[in-house]
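Here the structure is laid out as structure tokens; the discussion comes afterwards.
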Amino acid sequence: QVQLVESGGGLVQAGGSLRLSCEPSGSIFRLAVMGWYRQAPGLQRELVAVEGSTGTTNYADSVKDRFTISRDKDKNTLYLQMNSLKPEDTAVYYCVSSRSWRTAVAGMPDNWGQGTQVTVSS
């Protein structure tokens, strides 16, 4: 079982930026697919961004050109850089990892973090 620990959430004004971090319990090299989901109050969890071990990425249309997913292998950390934040980005953001791209993008990753709250004020 991989433990995923997120950090970096908080309160920011619309148009601002935040960077979320996710540290896995094991080597980030071993995790084929890593990504981020989010869940807003009253809504289902939705995919934000995923990245495969070869660098392939997939983003939700709502965050393309504003969010960037990346891995720092030296720091063994996954990041989500969020720019031009909007009130509708307010949600709990979850780090995920999966052995399979298919399960990662289908909402069925192997592991979930505990979540970090992001609140964007208007």
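FYI, the numbering just counts along the sequence from 1.
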- Scanning both residues in full, the closest heavy-atom pair of Ala40 with Ala91 reads N-CB, 3.8 Å
- Under a single-linkage definition using a 4.5 Å side-chain heavy-atom cutoff for Ile, Leu, Val, Met, Phe, Trp and Tyr, are Val48 and Val92 assigned to the same hydrophobic cluster? no
- Please examine the side chains of Tyr93 and Glu6, heavy atoms only from C-beta on, and report whether any two atoms are closer than 4.5 Å. no
- Query: Which heavy atom of Ser98 sits nearest a heavy atom of Thr103, and at what distance?
  - Reply: OG-OG1, 2.7 Å
- To the nearest 0.5 Å, how far apart are CD in Glu88 and OG in Ser122? 10.0 Å
- Distance from Glu51 atom CD to Tyr59 atom OH, nearest 0.5 Å? 7.5 Å
- Message: Less than 4.5 Å apart, side chain to side chain, heavy atoms only: is that true for Leu78 and Leu4?
- Response: no
- Over all atoms of both residues, closest heavy-atom pair of Ser17 and Ser84: OG-N, 4.3 Å
- Min side-chain heavy-atom separation Asp89-Arg66 under 4.5 Å: yes
- Message: Tell me whether Arg45 contacts the main-chain N or O of Tyr94 through its side chain, where contact means a donor paired with an acceptor under 3.5 Å.
- Response: no
- Are Val96 and Leu80 connected in a single hydrophobic cluster, I mean Ile/Leu/Val/Met/Phe/Trp/Tyr linked by side-chain heavy atoms less than 4.5 Å apart? no
- Query: Got a second to check how far Arg38's CZ is from Gln117's CD, nearest 0.5 Å?
  - Reply: 12.0 Å
- Note on the structure: OG (Ser62) and CZ (Phe67) are apart, to the nearest 0.5 Å, by 7.5 Å
- Item | Non-hydrogen side-chain atoms of Arg19 and Gln81 separated by less than 4.5 Å | yes
- Compare every heavy atom of Ala60 with every heavy atom of Leu47, then report the nearest pair and how far apart it is. O-CB, 3.3 Å
- Message: Counting C-beta onward and ignoring hydrogens, is there a side-chain heavy-atom pair between Met82 and Val120 closer than 4.5 Å?
- Response: no
- Does one hydrophobic cluster hold both Val33 and Tyr79, with members joined at side-chain heavy-atom distances below 4.5 Å? no
- Item | Pairwise distance CZ(Arg71) to SG(Cys22) - rounded to 0.5 angstrom | 10.0 Å
- Message: Looking only at the side chains, is there a donor atom on one of Thr77 and Asp72 sitting less than 3.5 Å from an acceptor on the other?
- Response: no
- Expected output: side-chain Tyr37 to main-chain Trp112 donor-acceptor under 3.5 Å: no
- If you round to the nearest 0.5 Å, how far is CD of Glu23 from NZ of Lys75? 10.0 Å
- Query: If you look at every heavy atom in Val50 and Trp101, which pair is closest and at what distance?
  - Reply: CG2-CH2, 3.5 Å
- Does a side-chain heavy-atom distance below 4.5 Å link Ser7 with Thr116? no
- Item | Closest contact, heavy atoms only, Arg99 versus Ala32 | O-CB, 3.6 Å
